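All ligand and atom numbering here is 1-based and tracks the order in the structure. From a predicted model like this one, the values you see are computed outputs, not experimental measurements.
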Amino acid sequence: MRLLVTGGAGFIGANFVHRTVEDRPDVRVTVLDKLTYAGNRASLQPVADRIEFVHGDVADAGLVDRLVADSDLVVHFAAESHNDNSLRDPSPFVHTNVVGTFTLLEAVRRHGVRYHHISTDEVYGDLELDDPAKFTESTPYNPSSPYSSTKAGSDLLVRAWVRSFGVAATLSNCSNNYGPYQHVEKFVPRQITNVLDGVRPRLYGTGRNVRDWIHVDDHNSAVWTIIEKGEIGRTYLIGADGETDNRTVVETVLELCGRDPGEFDFVTDRPGHDLRYAIDSSRLRTELGWEPRYRDLRSGLAATVEWYRSNEDWWRPQKDATERAYARTETIVRP
Ligand code: NAD
Ligand code: DAU
């Protein structure tokens, strides 16, 4: 099988490429990645001699057409992925997430290539803390941020290309991932690397916002399950029952690093900050038989702390610039 992975130098895409190369020697992998600030060739170094890497933009129609024409399957991870950045400057989000997805869809339509679209639970908006409901595949779209609205737009393009043009696509919407190779701008690696640097972790607002954490390998095993067993045109929600509030995550990271769990600061809240995400993944589990392997967030975080402790060469080059960008908008409200 000839597989084209977009965004394969990013966090989830790189982990997907690693697993695919290890588990599926019959798959020939090509990665298309623009190497934005979030893309890192070093994340693909362990498999560099077993894949083809193409440096380019998913919105480059000529390049995308040539690559898709030579593929049997496209898995589309490439995106601008960070909410805080989308509040600073939404424009690359529209370019990559909307125009990039449109460009890929036109190419898979022309060449009759199978397509899997990677998306997020954030398209559904947020839930109250005490709401017994979780997101399902039929929850109405209600995105809050420039990031999530461009992801919602891309999902709707995929659905329309399935219905109007018969494109053979599946979609997945996953909750918050953690694990190795995640950029230090994101919550978990930001706090781990802060603690490793002797800096107090930063909690937005009250710290009571809830995310539904899943290990990146579980996300990617679900993606392969959907590619192999999913029904064309369908959306599958991916989650591993990992609902935890941000304060608990920070306290756990501090404990795992041998620090006092109270050594963190509250900072100014993110504008429009979604309160809670929660995924009902029963369609994926009952219809396709998928189950997560990582069921204990604490031990998953412990392994992630160890990964960042052992891979400072990988994250150190991004750390200072990331913290400088945060410092422009972030103020400590109370310790
Ligand atoms: P990331 O920011 O770590 O990586 C994104 C990758 O896409 C980078 O390698 C970047 O260089 C590349 N890229 C950006 N613009 C590009 C362009 N125009 N052309 C080609 N490549 C481009 O993101 P991630 O966290 O790995 O997320 C991957 C996908 O998963 C995204 O679609 C995101 O919406 C989705 N997702 C992420 C999470 C999460 O918790 N991180 C959860 C659910 C869904
Ligand atoms: O739900 C899936 C989404 O999860 C993905 O679509 C996004 O690509 C991914 O970035 C993630 O979005 P979040 O906005 O939830 O993730 P982030 O890591 O930015 O923040 C997680 C929570 O932690 C959120 O409630 C904001 C909070 N936070 C974040 C940072 C960076 C803090 O309290 N302090 C911080 O320093």
Side-chain angles (χ1 to χ4, degrees), residues 5-16 31-41 43-44 54-60 63-64 75-87 92-93 95-97 99-101 103-104 117-124 126 135 143-145 147-148 150-151 154-155 172-179 181-191 194 201-214 216 219-220 223 238-239 244-247 249-250 264-270 273-279 322-323 326 330:
V5 180
T6 73
F11 163 46
I12 306 174
N15 280 286
F16 181 80
V31 168
L32 169 62
D33 199 294
K34 191 177 178 179
L35 295 178
T36 66
Y37 79 95
N40 192 339
R41 281 299 291 271
S43 305
L44 291 171
V54 178
H55 183 196
D57 191 327
V58 285
D60 177 340
L63 173 63
V64 163
V75 183
H76 179 34
F77 290 94
E80 286 291 336
S81 68
H82 194 40
N83 276 297
D84 292 322
N85 293 343
S86 81
L87 297 163
F93 289 76
H95 171 81
T96 293
N97 301 359
V99 180
T101 300
T103 307
L104 278 167
H117 185 71
I118 304 290
S119 193
T120 168
D121 59 355
E122 295 196 12
V123 299
Y124 301 113
D126 60 356
F135 298 140
S144 313
S145 72
Y147 162 66
S148 52
T150 56
K151 290 298 292 187
S154 72
D155 292 9
S172 54
N173 295 73
C174 187
S175 57
N176 287 62
N177 287 218
Y178 71 93
Y181 299 104
Q182 187 168 29
H183 193 280
V184 290
E185 69 188 353
K186 300 295 194 314
F187 180 54
V188 166
R190 183 182 185 206
Q191 311 314 342
N194 277 350
R202 304 283 167 90
L203 275 174
Y204 293 171
T206 63
R208 289 297 174 206
N209 301 61
V210 169
R211 296 294 182 265
D212 193 350
W213 294 99
I214 181 172
V216 64
H219 181 176
N220 285 329
V223 169
I238 304 174
T244 312
D245 68 33
N246 295 338
R247 182 177 177 146
V249 171
V250 159
F264 59 80
D265 292 325
F266 291 102
V267 294
T268 32
D269 206 357
R270 171 186 284 171
H273 193 177
D274 280 340
L275 187 53
R276 172 176 163 240
Y277 305 141
I279 292 266
T322 302
E323 289 304 320
Y326 276 122
E330 211 171 68

Please list the nearest protein heavy atom to atom 21 (C) of ligand 2 with its residue and the distance rounded to 0.1 Å. F187 CB, 3.6 Å
Checking a contact table here: which protein heavy atom is nearest atom 9 (O) of ligand 1, and how many Å away? D33 OD2, 2.6 Å
Please determine if N40 has a nitrogen or oxygen closer than 3.5 Å to a nitrogen or oxygen of ligand 1. no
The closest protein heavy-atom partner of atom 8 (O) of ligand 2 is S81 O, 2.8 Å
for atom 31 (C) of ligand 2, nearest protein heavy atom and its distance come out as Y326 OH, 3.3 Å
Could you list which atoms of ligand 1 come closer than 4.0 Å to a heavy atom of Y147? 33 (C), 34 (O)
The protein heavy atom nearest to atom 14 (O) of ligand 2 is R270 NH1, 2.6 Å
Just to check, does P92 reach to within less than 4.0 Å of ligand 1 when the distance is taken from its heavy atoms? no
Could you state the interatomic distance from CG (N177) to OG1 (T120), rounded to the nearest 0.5 Å? 9.0 Å
Mutual orientation of the aromatic rings belonging to F93 and Y147 [parallel < 30°, tilted 30-60°, perpendicular > 60°]: perpendicular
Could you list which atoms of ligand 2 come closer than 4.0 Å to a heavy atom of Q191? 34 (N), 35 (C), 36 (O)
Ligand-residue contact atoms, ligand 2 with Y277, heavy atoms, under 4.0 Å: 1 (O), 15 (O)
I'd like to know if the side chain of S172 and the backbone of V223 have a donor-acceptor N/O pair within less than 3.5 Å. no
Could you check atom 3 (C) of ligand 2 against the protein and tell me its nearest heavy-atom contact, residue, atom and distance included? E122 OE2, 3.0 Å
Nearest-neighbour protein heavy atom for atom 5 (C) of ligand 1, which is reported as residue plus atom name and distance: A79 O, 3.4 Å
Nearest 0.5 angstrom please: E80 CD to K151 NZ, how far? 10.5 Å
Test of proximity, S175 against ligand 2: N or O pairs below 3.5 Å: no
Gap between atom NE2 of H55 and atom CG of L32 - 0.5 Å precision: 9.5 Å
The protein heavy atom nearest to atom 25 (O) of ligand 1 is F11 CD2, 3.8 Å
Are any of the heavy atoms in Y37 under 4.0 Å away from ligand 1? no
the protein heavy atom lying closest to atom 27 (C) of ligand 2 turns out to be N246 ND2, 3.5 Å
Element-labelled atoms of ligand 2 that are located less than 4.0 Å from some non-hydrogen atom of H82: 19 (O)
K186 heavy atoms within 4.0 Å reach ligand 2 at atoms 10 (O), 18 (O)
Per-atom contacts, ligand 1 versus C174 - under 4.0 Å to a heavy atom: 42 (C), 43 (C)
Separation of N83 CG from R270 CZ (nearest 0.5 Å): 4.5 Å
Heavy atoms only: give me the nearest A9-L35 pair and the separation to one decimal. CB-CD2, 3.7 Å
Restricting to non-hydrogen atoms, name the atom on V210 and the atom on D245 that form the minimum distance, rounded to 0.1 Å. CG2-CB, 3.9 Å
So if I count the atoms of ligand 1 from 1 in the order they appear, which ones are less than 4.0 Å from some heavy atom of G10? 3 (O), 4 (O), 6 (C), 8 (C), 9 (O)
Ignoring hydrogens and angles, tell me if any N or O in the side chain of S148 forms a donor-acceptor pair with the backbone of P143 under 3.5 Å. no
Heavy atom of the protein closest to atom 15 (O) of ligand 2 (residue, atom name, distance): R211 NE, 2.7 Å
Please check whether H219 reaches ligand 1 - meaning an N/O of the residue sits under 3.5 Å from an N/O of the ligand, judged on distance alone. no
Is there a nitrogen or oxygen of K34 sitting under 3.5 Å from a nitrogen or oxygen of ligand 1? yes
Atom 28 (C) of ligand 1: which protein heavy atom is closest, and how many Å away? F77 O, 3.4 Å
Would you say E185 has any N or O atom under 3.5 Å from an N or O of ligand 2, going by distance alone? no
Closest to atom 34 (N) of ligand 2 among R208, Q182, R202 (heavy-atom distance): R202
Give the residue, atom name and distance (to 0.1 Å) of the protein heavy atom nearest atom 30 (O) of ligand 1. I118 CG2, 3.3 Å
If you measure every N/O of N176 against every N/O of ligand 2, is any gap under 3.5 Å? yes
Distance to 0.1 Å, residue and atom name: give those for the protein heavy atom nearest to atom 42 (C) of ligand 1. S175 O, 3.2 Å
How long is the straight-line distance from NZ of K186 back to CD of Q191, given to the nearest 0.5 Å? 13.5 Å
Output the list of atoms in ligand 2 that are nearer than 4.0 Å to some heavy atom of T120, sorted by atom number. 1 (O), 2 (C), 3 (C), 5 (C), 6 (O)
So CZ of R202 and CG of D265: to nearest 0.5 Å the spacing works out to 6.0 Å
Taking the non-hydrogen atoms of H183, is any one of them nearer than 4.0 angstrom to ligand 1? no
Parallel, tilted or perpendicular: rings of F77 and F16 (30°, 60°): tilted
Is the shortest distance from a heavy atom of K151 to ligand 2 less than 4.0 Å? no
Using a 4.5 Å cut-off on heavy atoms from C-beta on, say whether the side chain of R190 contacts that of T322. no
Heavy atom under 4.0 Å from ligand 1: found in K151's side chain, backbone, both, or neither? side chain
Contact (N/O only, under 3.5 Å) between E330 and ligand 2: no
Checking a contact table here: which protein heavy atom is nearest atom 44 (C) of ligand 1, and how many Å away? S119 O, 3.1 Å
Please report whether ligand 2 has a polar contact with N209, defined as an N or O pair separated by less than 3.5 Å (distance criterion only). no
Taking only non-hydrogen atoms of Y147 and a 4.0 Å limit, the atoms of ligand 2 in range are 5 (C), 6 (O), 7 (C), 8 (O)
Heavy atoms, side chains only, cut-off 4.5 Å: are Y204 and D84 in contact? yes
Who's the nearest protein heavy-atom neighbour of atom 26 (O) of ligand 1, and how far? I12 N, 2.8 Å
Would you mind running through ligand 1 and noting each atom that sits below 4.0 Å from a heavy atom of L35? 11 (O)
May I ask you to decide if F11's main-chain N or O and N15's side chain share a donor-acceptor pair within less than 3.5 Å? yes
Counting each atom of ligand 1 from 1 as listed, which ones have a heavy atom of A78 under 4.0 Å away? 7 (O), 21 (N), 22 (C)
Is the H183 ring parallel, tilted or perpendicular to the Y37 ring (thresholds 30°, 60°)? perpendicular
Which option wins on minimum heavy-atom distance to atom 1 (P) of ligand 1: S81, G239, G8, G56? S81
May I ask you to identify the nearest protein heavy atom to atom 25 (O) of ligand 2, giving residue, atom name and distance to one decimal place in Å? H273 NE2, 2.7 Å
Look only at the side chain of D212 and the backbone of I279, and say whether a donor-acceptor pair between them is shorter than 3.5 Å. yes
Mark up the atoms of ligand 1 that fall under 4.0 Å of a heavy atom belonging to N176, in ascending order. 40 (O)
Where's the contact between D121 and ligand 2, heavy-atom distance under 4.0 Å: side chain, backbone, both or neither? side chain
